[in-house]
Amino acid sequence: MIIPYNDERLLQDTGTAAESPYVIAMRLAGVKGLPHVVNAAVFSSAFSAGNSFLFTSSRILYGLALRGQAPRIFAKCTSKGLPIVAVLTCSLFSLLAFLNVSSSSAQVFTWLVNLTTVGGIFTWMAINLTYLRFYAGLKRQGIDRKKFIYFSNLQPYLSYWGVFWTSLIIIINGFDVFFDFTASGFLTAYINIPIFFGLYFGYKLWKRTKVWRPDEMDFVRGIPTIEETEAPYVPPRTLGEKIFEIVF
């Protein structure tokens with residue numbers, strides 16, 4: 001379904017999903033109730049993403065605390081093993097969403113979104129770089145990757161591909177600021193670069209750690225067995241459990 005380029009609803013500033021092209025398309029099609037379905041889908045998707053990010057961020061903070069790379073208070077757990085301090089701390093950042101309530105602070109929220117987006121791209125670049133170092137260590141020590149539970153014939157080329165594209169996106173993500181330069185736009189687009197390398201090299205200098213050579217990497221000690229990481233399979237017993245297993 002195509003929306004006319006001159007549809008006034010595309011440019012309206014309602015602050016709701018009413019200006020979404022999907023919702024406008026549904027209304028043009030005359031399908032009653034479908035715009036509400038789209039809104040519900042967008043809301044559930046956003047809620048699911050927020051829940052996922054809260055889980056990952058709190059567990060990363062918890063893991064850093066266990067390794068001594070974050071304050072020990074973040075390692076505090078409830079009697080059932082929930083890292084409560086880490087979860088509450090990460091939850092506080094969700095309050096920043098209320099910046100959108102005021103038009104004057106909405107720009108600040110946009111800056112924060114841009115910063116976190118580029119930060120996420122740095123994360124993917126680091127994941128690819130980490131695998132390349134992992135691959136180099138295995139190759140130097142003569143460890144056959146095919147003996148692992150999972151391996152890919154496309155590696156390490158996929159990781160090189162990932163490093164290339166993530167690096168390129170980081171470099172060009174703020175290219176438009178050079179045509180209409182603003183200090184805030186430039187900082188939002190590129191401040192993550194000095195922050196990333198500052199944290200990395202700052203930690204190396206502060207803790208006096210080194211970059212491990214491939215022949216020094218330890219692929220034996222501290223690695224859990226399959227039995228330690230995988231829960232035993234429990235077959236479904238009820239009708240609901242059987243349907244759940246088929247669907248998911």
Indicate yes or no for a side-chain donor-acceptor contact from Q155 to the backbone of S152 under 3.5 Å, with no hydrogens or angles considered. no

If we ignore hydrogens and angles and just use 3.5 Å, is the side chain of S52 paired with the main-chain N or O of S48 as donor and acceptor? no

Has Y203 got more than 12 heavy atoms of other residues, nucleotides or ligands less than 6.0 Å from its OH? yes

Close side-chain approach of L138 to F134, heavy-atom, < 4.5 Å: yes

Going only through I, L, V, M, F, W and Y residues with side-chain contacts under 4.5 Å, is there a path from V118 to Y200? yes

Between S45 and A41 (side chain of the first, backbone of the second, donor and acceptor by atom type, cut-off under 3.5 Å), is there such a pair? no

Drop me the distance from S79's OG to I84's CD1, to the nearest 0.5 angstrom. 10.5 Å

Of Q141, R140, K139, the one forming a side-chain contact (heavy atoms from CB on, under 4.5 Å) with I143 is Q141

Can you give me the closest heavy-atom contact between C90 and L54, atom names plus distance? CB-CD1, 3.8 Å

OH of Y157: more than 12 outside heavy atoms within 6.0 angstrom? no

Hphob cluster co-occupancy, F55 + L61, side-chain heavy atoms under 4.5 angstrom: no

Side-chain heavy atoms of F122 within contact of I170, under 4.5 Å: yes

Restricting to non-hydrogen atoms, name the atom on A65 and the atom on A75 that form the minimum distance, rounded to 0.1 Å. CB-N, 3.7 Å

Can you find a heavy atom in the side chain of R59 that is under 4.5 Å from one in the side chain of V87? yes

Shortest non-hydrogen contact from A189 to N173? O-ND2, 3.3 Å

If I take atom OG from residue S167 and atom CG from residue N128, how far apart are they, to the nearest 0.5 angstrom? 9.0 Å

Has I73 got more than 12 heavy atoms of other residues, nucleotides or ligands less than 6.0 Å from its CD1? no

Please indicate whether F43 has more than 12 foreign heavy atoms, meaning atoms of other residues, nucleotides or ligands, lying under 6.0 Å from its CZ. no

Hphob cluster co-occupancy, F196 + I60, side-chain heavy atoms under 4.5 angstrom: no

Side chain to side chain, V211 and R133, heavy atoms closer than 4.5 Å: yes

Parallel, tilted or perpendicular: which describes the rings of F186 and Y190, with under 30° parallel and over 60° perpendicular? tilted

CZ-CG distance between F197 and N192, expressed to the nearest 0.5 angstrom: 11.0 Å

Counting only heavy atoms not in F178, do more than 12 sit closer than 6.0 Å to its CZ atom? yes

For F219, is the CZ atom crowded, meaning more than 12 foreign heavy atoms sit under 6.0 Å from it? yes

Quick check: is Y131 connected to I121 through a chain of hydrophobic side chains (ILVMFWY, heavy atoms under 4.5 Å apart)? no

Membership question, hydrophobic clusters at under 4.5 Å side-chain separation (ILVMFWY): are I127 and L158 in the same one? no

Keeping the roles fixed (side chain from K204, backbone from K210), state whether a donor-acceptor pair exists under 3.5 Å. yes

Salt-bridge present (D144, K146; N to O < 4.0 Å): no

Separation of W165 CH2 from I169 CD1 (nearest 0.5 Å): 7.5 Å

Please check if the number of heavy atoms outside F148 that lie under 6.0 Å from its CZ is greater than 12. yes

All heavy atoms of T166 vs all of W124, minimum pair found to be CG2-CB, 4.2 Å

